Amino acid sequence: MTNKQIIEILYQIAELLEIKGENKFKIRAYLKLAQFLSSFNKELKDIYSERGKAGLREIPNIGEGIAKKIAELIETGKLTYLDELKKGLPKGVEVFLNIPGIGPKTAYKIADKFNINTISELEKLLKEHKLKDLKGFGEKTEEKILKGIQLFKNGQERKLLGFVYPIAKKVIDELKQKHKGIEITAAGSLRRMKETVGDIDILVSSFDKKIIDSFCSLDIVSTVNAKGDTKASVYTIHNVQIDLRLVDEKSFGAALQYFTGCKEHNVILREIASKKGYKLNEYGLFKGGTKIAGENEKEIYEKLGLQFIPPELREASDEIELAMKNKIPKLVEDKDIKADLHIHSSYSDGSDKILDIVSELKRRGYKYAAITDHSKSLKVAKGLTVNDLLKQIKEIDEINEKEKDFYLLKGIEVDILEDGSLDYPDEILKKLDFVIGSVHTNFKMSKKEMTDRIIKALENKYLHAIGHISGRLINFREPYEIDYERIFNAAIYYNKAIEINANPERLDLTDIYIKEALKKGVKLFIGTDAHNLSQLDYMFYGIGCARRGFAKKEDILNTYYLEKFLKWIKK
DNA sequence: GCCGTTTTCGGCCCGACTGTTTTCAGTCG
């Protein structure tokens, strides 16, 4: 039973309790814990197996009641309480809950009154206009549910940050061009740089209705869902929903804070506000009837007695507690990055020649970089034979002879074979400056076997780092199970680094394990894993991920100046 | 159901929008 599964069950319980009309604070207790666990970096089952229920009780938001339930889940894989809640509920309820616009009450009413379980049955009812016979249902509701079903069919999955971000940027740039001198910025999970995003929220510091018109008539808009005086919502040709909101300049900071979330983070801020005798909402921070902050975000945190919390950290984990103690670190920034240490060239499955890569890297202001193509066993990616590699080494040496302000490291992304050995012999590896070991094959191993395999690779004295450690592809391939703690300990013992792979499909290490690695003092580096020049942009997502994991500049090796980096390598 | 520089009991965030409502319930963020 993984945390992920437990989180799903907690959400399920909350929904079922809502259907039953339970106390809303009880419901919130489950939601609060679910949100907290989503950025909690230890598996509950490990805590439980080491320290039992007492261990669970030390986790925020877990009290006696929930500890008992989690213990049962871990031990038996089942929960009698959940079964009890489900008893007598029509199956359709859980299905209909997935439809936007349908909440617990509506889902129950429909499933119960019509005794149906599937979306297609529901569609049929809607088309026959049978729903409006129910009390509280009218024509508009029918339309709304039909629209919701369409949305559900179009894309139920949250979309990759790397897919959605460029769309948001394009929209914002175009609006800015048409409406100069106005602040326009993205909020929501996009601003928090969460790895997946549900929809795009854009905030505008003006009440000019023309902006809404421009927004709704953008080329990429396919349908306009809603269009009012201060708010509009559209669907793009890529099936992404974008919500635009106009707010008063004087409330812009408060609105930005509010719309950035996460929701639970905001709830905690408001609790703090009310304890201080204030009131916080999207218009500002108020003392009695007077606004004491609202124009910018910093002010709001300040007046609440908190250090400013960067958006990437606002996930209701422990960031507010840290901000109270002034312990939010200065996070790594774009401008700190001096190198990209994971790049593929046309020698393997990349599309660009090394010379072209170098000139692009220089254009981007990098001081050094590593070419890290695939190794010989990875045939699908045109892994380099020893001869290819020697040829590449020679080419890089020649480039370095000519370059003055830029240095190219001879690297490799060498396969970690099934037994943990590396895909080239040591006498080849030792010719290289930077060796990343990655797992690309034989994913189906037990947790212990995979952990042993990676640790064996870490023992090799010519290896410098581990690449995309969990092997996951977001929304596509689950990570293989590994014992992070053992791997981190080994990385420290052998003085090796671990990659934050910046490819938006990977973002691996994930934010929560970055935090854990840094607590132990593991060194990290951000690599784009670029296979063409435009993918060098991925650095941006890697930095976002690092920031979400509380990474400081000094935690990230590729913020080092070349000399310092080379010194680290030698060690 | 959780939690405590107000409390072991009595609190627990705030508002917008929508639809079908004569005063509010449901959903969303």
Side-chain angles (χ1 to χ4, degrees), chain A residues 10 13-15 17-19 21-36 56-70 81 85 96-110 131-145 147-148 151 187-192 197-201 203 225-233 241 243 245-247 251 254-286 304-305 314 316 320-321 324:
Chain A
L10 292 170
I13 293 174
E15 279 168 348
L17 289 175
E18 200 155 342
I19 290 168
E22 261 284 2
N23 178 316
K24 62 179 177 162
F25 299 109
K26 189 186 210 174
I27 297 168
R28 196 187 139 197
Y30 285 96
L31 293 175
K32 212 172 165 183
L33 176 61
Q35 169 66 34
F36 178 82
L56 297 177
R57 286 288 272 110
E58 282 172 20
I59 297 164
N61 308 309
I62 296 185
E64 204 42 52
I66 294 186
K68 211 171 142 198
K69 294 185 176 81
I70 292 177
Y81 179 64
L85 284 175
F96 301 148
L97 271 175
N98 293 315
I99 299 168
I102 292 190
K105 303 279 179 184
T106 313
Y108 177 73
K109 227 181 204 173
I110 295 173
L131 235 64
K132 66 176 181 194
D133 299 342
L134 282 185
K135 202 180 165 196
F137 285 71
E139 255 172 64
K140 295 274 175 114
T141 306
E142 285 187 335
E143 265 173 50
K144 196 176 132 195
I145 294 175
K147 224 177 201 175
L151 288 179
S189 49
L190 189 91
R191 182 163 181 249
R192 301 202 309 276
V197 173
D199 60 6
I200 301 175
D201 292 300
L203 222 54
N225 298 327
K227 189 178 169 187
D229 287 345
T230 61
K231 191 181 156 182
S233 172
Q241 186 182 325
D243 295 336
R245 295 153 202 267
L246 306 190
V247 299
S251 307
L256 184 59
Q257 196 288 315
Y258 167 68
F259 287 118
T260 297
C262 74
K263 187 180 165 182
E264 193 57 39
H265 175 96
N266 290 350
V267 170
I268 299 170
L269 284 197
R270 287 181 191 154
E271 281 170 355
I272 292 173
S274 96
K275 273 186 197 134
K276 286 187 183 293
Y278 302 155
K279 190 174 75 172
L280 178 63
N281 58 29
E282 58 260 56
Y283 303 106
L285 183 65
F286 298 88
L304 290 176
R314 301 180 195 168
I320 292 173
E321 209 177 313
M324 280 177 177

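Here the structure is a predicted model, which means the values were calculated and not measured. What you see below is based on every heavy atom in this structure, not just the backbone, and it leaves out hydrogens, waters and symmetry mates.
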Asks: Classify A/Lys109 by what it touches in the nucleic acid, base, sugar-phosphate, or nothing, heavy-atom distance under 4.0 Å.
Replies: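 Nothing, no heavy atom under 4.0 Å.
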Asks: Any chance you could lay out the side chain to side chain contact (heavy atoms under 4.5 Å, CB included) test for A/Asn23 and A/Ile27, step after step, and finish with the verdict?
Replies: CA-CA 7 Å; A/Asn23 178 316; A/Ile27 297 168; over 6 Å; no
Asks: Relative to the 5' end of DNA chain B, which residue comes earlier, A/Pro104 or A/Lys231, by the nucleotide with the nearest heavy atom?
Replies: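 It is A/Lys231, whose closest nucleotide lies nearer the 5' terminus.
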Asks: Would you mind reading off the distance between A/Tyr258 atom OH and B/dC17 atom P, rounded to a whole angstrom?
Replies: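 These atoms are roughly 11 Å apart.
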Asks: Determine the interatomic distance between C1' on B/dT21 and the same-named atom on B/dT27; round to the nearest Å.
Replies: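 Result for the C1' pair: 16 Å, nearest Å.
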Asks: Between A/Lys32 (NZ) and B/dC13 (P), how many Å, whole number?
Replies: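 Interatomic distance, NZ of A/Lys32 to P of B/dC13: 8 Å.
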Asks: What heavy-atom pair brings A/Arg314 and A/Gln257 nearest, and what distance separates the two atoms?
Replies: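 Closest heavy-atom pair between A/Arg314 and A/Gln257: NH1-CA, 4.3 Å.
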Asks: Expressed in angstrom and rounded to an integer, what is the separation of A/Arg314 atom CZ from B/dC13 atom P?
Replies: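 After rounding, the reported distance stands at 20 Å.
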Asks: Without decimals, in angstroms, what is the distance between A/Phe286 CZ and B/dC13 P?
Replies: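 About 18 Å, once rounded to whole Å.
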Asks: Starting at atom CZ of A/Phe25, determine the distance to atom C1' of B/dC14, rounded to an integer number of angstrom.
Replies: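 After rounding, the reported distance stands at 12 Å.
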Asks: With C1' as the reference atom in both, quote the distance from B/dC3 to B/dT8 in angstrom, rounded to an integer.
Replies: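 Result for the C1' pair: 9 Å, nearest Å.
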Asks: Determine whether any donor atom in the side chain of A/Tyr283 lies under 3.5 Å from an acceptor atom in the base of B/dG15, or the reverse, and answer yes or no.
Replies: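 Not at all, since no donor on one side and acceptor on the other fall under 3.5 Å apart.
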Asks: Taking the P atom of each, how far is B/dT6 from B/dG1, in whole Å?
Replies: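 Rounded to whole Å, the distance is 27 Å.
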Asks: When you check the gap from the basic side-chain N to the acidic O, do A/Lys105 and A/Glu18 get nearer than 4.0 Å?
Replies: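 So A/Lys105 does not pair with A/Glu18 through a salt bridge.
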Asks: Quote, to the nearest angstrom, the C1' distance that separates B/dA25 from B/dT20.
Replies: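 The answer is 10 Å between these two C1' atoms.
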Asks: Should A/Asn281 be listed as having a side-chain N or O under 4.0 Å from OP1 or OP2 of B/dG15?
Replies: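 The answer is yes; a side-chain N or O of A/Asn281 sits under 4.0 Å from OP1 or OP2.
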Asks: Please check if any side-chain donor atom of A/Asn266 sits under 3.5 Å from a side-chain acceptor atom of A/Glu264, or the reverse.
Replies: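 Short answer, no.
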Asks: Using the C1' atom as the reference point in each nucleotide, state the distance between B/dT23 and B/dT18 in Å, no decimals.
Replies: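 Each nucleotide's C1' atom is 15 Å from the other's.
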Asks: What is the minimum heavy-atom distance between A/Ala273 and A/Leu280, and which atoms define it?
Replies: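 Taking A/Ala273 first and A/Leu280 second, the nearest heavy atoms are CB-CB, 3.9 Å.
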Asks: Using a cut-off of strictly less than 4.0 Å, decide whether A/Thr141 has a side-chain nitrogen or oxygen near OP1 or OP2 of B/dT20.
Replies: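 Affirmative; the distance criterion is met.
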Asks: Nearest whole Å is fine: how far is B/dC17 P from A/Lys144 NZ?
Replies: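 Computing the A/Lys144:NZ to B/dC17:P distance gives 14 Å.
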Asks: The side chain of A/Glu282 is closest to which nucleotide in this list: B/dT20, B/dA16, B/dG1?
Replies: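 Taking heavy atoms from C-beta onward, the closest nucleotide is B/dA16.
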Asks: When you compare B/dA16 with B/dC12, how far apart are their C1' atoms, in angstrom units rounded to a whole number?
Replies: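 Going atom to atom, C1' in each nucleotide, I get 22 Å.
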Asks: Measure the distance from CG on A/Leu31 to C1' on B/dC13 and round it to the nearest whole Å.
Replies: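 One finds 14 Å between C1' of B/dC13 and CG of A/Leu31, rounded.
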Asks: On DNA chain B, check which nucleotide each of A/Leu280 and A/Thr230 is closest to and give me the residue with the more 5' one.
Replies: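 Going by which nucleotide is closer to the 5' end, it is A/Leu280.
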Asks: Would you indicate which nucleotide in B/dT20, B/dC12, B/dC14 comes nearest to any side-chain atom of A/Ser274?
Replies: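 Nearest nucleotide to the side chain: B/dC14.
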Asks: Using a cut-off of less than 4.0 Å, is there contact between a side-chain N or O of A/Lys279 and OP1 or OP2 of B/dG15?
Replies: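 Yes, because at least one side-chain N or O of A/Lys279 sits under 4.0 Å from OP1 or OP2 of B/dG15.
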Asks: Determine: side-chain N/O of A/Tyr30 to OP1/OP2 of B/dG1, distance under 4.0 Å, yes or no.
Replies: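 Indeed, a polar side-chain atom of A/Tyr30 lies that close.
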Asks: Indicate the atoms forming the closest heavy-atom contact of A/Gln241 with A/Asp199, along with that distance.
Replies: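 That closest heavy-atom pairing would be O-CB, 3.3 Å.
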Asks: More than 12 heavy atoms of other residues, nucleotides or ligands under 6.0 Å from CD of A/Glu271: yes or no?
Replies: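 Above 12, so yes.
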Asks: Mind checking A/Leu269 for me? I need base, sugar-phosphate or nothing, with any heavy atom below 4.0 Å counting as a touch.
Replies: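 Nothing, no nucleic acid heavy atom in range.
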Asks: For B/dT8, give the paired nucleotide (Watson-Crick: N1-N3 plus N6-O4 or O6-N4; G-U: N1-O2 and O6-N3; both under 3.5 Å), or none.
Replies: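 Partner of B/dT8: none found under 3.5 Å.
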Asks: Would one find a side-chain N or O of A/Lys26 under 4.0 angstrom from OP1 or OP2 of B/dC12?
Replies: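 No, because none of the side-chain N or O atoms of A/Lys26 sits under 4.0 Å from OP1 or OP2 of B/dC12.
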Asks: Regarding A/Ile62, tell me which of base, sugar-phosphate or nothing describes its non-hydrogen contacts under 4.0 Å with the strands shown.
Replies: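 Sugar-phosphate contact only - A/Ile62 comes under 4.0 Å of backbone atoms but never of a base.
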Asks: Write down the distance separating the P atoms in B/dG29 and B/dT22, rounded off to the nearest Å.
Replies: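 That atom pair is separated by 28 Å.
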Asks: Quick one: label A/Asn23 by what it contacts on the DNA or RNA (base, sugar-phosphate, nothing), any heavy atom closer than 4.0 Å.
Replies: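 Base contact.
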Asks: Can you tell me if the side-chain N/O atoms of A/Arg28 get under 4.0 Å from OP1 or OP2 in B/dC13?
Replies: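 True: A/Arg28 side-chain N/O within range (under 4.0 Å) of B/dC13 OP1/OP2.
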Asks: Among the candidates B/dG26, B/dC13, B/dG29, find the nucleotide nearest to the side-chain atoms of A/Lys105.
Replies: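 For A/Lys105, the side-chain atoms sit closest to B/dG26.
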Asks: To the side chain of A/Ala29, which of B/dC13, B/dA16, B/dG1 is closest?
Replies: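 Within the option list, the nearest is B/dG1.
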Asks: Take atom CD of A/Glu271 and atom P of B/dG10, then tell me their distance rounded to the nearest Å.
Replies: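 The distance from CD of A/Glu271 to P of B/dG10 comes to 19 Å, rounded to the nearest Å.
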